[in-house]
There are 2 protein chains.
Amino acid sequence: MKNIAMRLMYDGTNYHGWQYQNNAVTVQQTVEDALSGLLGEEIKVTGCSRTDAGVHALDYVLNFRSDTNIPAERLPYALNYYLSDDITAVEAWEAADDFNARFASRGKQYIYKIWNNRMKNPFLSGYSWHIPYNMDRAAMKAAAVHFIGEHDFSAFMAAGGSQKTTVRHITRCEVTEDKENQSLITVTVEANAFLYNMVRIITGTLAEVGFGRISADEIPVIIEKGNRTMSGLTAPPQGLFLKKVYY
Amino acid sequence: MKNIAMRLMYDGTNYHGWQYQNNAVTVQQTVEDALSGLLGEEIKVTGCSRTDAGVHALDYVLNFRSDTNIPAERLPYALNYYLSDDITAVEAWEAADDFNARFASRGKQYIYKIWNNRMKNPFLSGYSWHIPYNMDRAAMKAAAVHFIGEHDFSAFMAAGGSQKTTVRHITRCEVTEDKENQSLITVTVEANAFLYNMVRIITGTLAEVGFGRISADEIPVIIEKGNRTMSGLTAPPQGLFLKKVYY
């Protein structure tokens, strides 16, 4: 059997996240149904990440086994006829037999978008966190730097994970403003792996730094204490995008 | 009575255009209903432009008469509670008594977005024209320049307009590529006023230049002949955004 890898983009607005669930439409189920219909065999896919309901992916990687004779490179074109406009197969290739989209990942980059303006933006309501209050962006930028490095991120994890260790290595964490529109703030976080809701809790904590409720200098203390009650709120899902997976 | 001016942003996806229609949800009707509910009087608004179904506005201006005691500056905050997420009141002010959002306009800027990639983009399906073929962008840029100036644009007008003259003055017409993503092409057109479907026909003509079906040098000839059958197809509505109105 071939081991086929594929890159997707998806708008998560209308899905209950990536992972298969009973009685809920998920991206995984939708892609498996489309692939199974196209290839005439039951396809099960392995995804690189379990994105939550409402979270988006700009570059998602999955793999699956198939006996198909269709060249892997042609699959996205055919598959896109089976998929609705909110999921696009971008590229596919025949991977090494032992490639696993989840376990082969060496790291991922997420971005989180904040619309920081008194008025909501109709084009960003499903794609950002609307914060109508003034935020101290310099403080947020200073705070972001403190997340970089190898740390135990227990304070930035929601209950429900099943990981062996809570140590992760963040290689990039920064807060930037869009050049054309200062109201649009992007939080970029890159790490070898992530804990459950980690980017959303880091973003919520950076927002509280912006509000002046947490100071930038407290971040190392919060990391060290490992106490979830000291970190900030969990930013809502719709601002989060999986941007890149590294192999 | 006060004459109140207001700036809106709207995502036109779910509306049958700006203008009031029987048996169809339009932006004008939605805004009038919200204002009437908020102010407790029947409000009729005058909009700066009649956008078509599916067309968006980044900065739309309207005006209306009201006896309200609410300061104009506070109105957007209150109104946004009555409006769904796809329309936002951004700003309001008390205008001169003779201000008319339609007739006072000295010019407008529209942008049209083309997603030029073999694969569709889930985030741009309602906000761009997906063109999966290679386009000669240098030729499109050269062609755009020919639209600048005062011309009779009869060849770039759909039937149905009621204008006295078909002469318009285009002050800016350019084709640009997004720096971060070369697949995203923007056509920007600025003029003193526009004919019906003018930006969409100019964009469709530029696309045909990109495909090699019309050469850049033919544009002045097509303008001069004033024959709609010589210009290109009408680009679909969802890529069009009213970006700015000048007073």
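A note on names: the letters A, B, ... follow the listed sequences, proteins ahead of strands, and every chain is numbered from 1. Computed from a prediction, not measured in an experiment: that's the story for all the values here. Any value given below was found using the heavy atoms of this structure, including those in side chains, with hydrogens, waters and symmetry copies removed.
- Annotation: residues 70-94 of chain A contacts chain B through A:P76, A:Y77, A:N80, A:L83, A:S84, A:D85, A:D86, A:I87, A:T88, A:A89, A:V90 [non-hydrogen atoms, separation under 4.5 Å].
- A:K44 meets the side-chain hydrogen bond (donor to acceptor under 3.5 Å, both in side chains) test with no other residue; sequence neighbours excluded.
- Scanning residues 109-131 of chain A against chain B with a 4.5 Å non-hydrogen threshold yields A:R118, A:M119, A:K120, A:N121, A:P122, A:F123, A:S125, A:Y127, sorted by number.
- Residues of residues 3-29 of chain A that come closer than 4.5 Å to chain B, counting heavy atoms only, are A:M9, A:Y10, A:D11, ordered by residue number.
- Taking a 6.0 Å sphere around CG of B:D178, one finds it holds more than 12 heavy atoms contributed by other residues, nucleotides or ligands.
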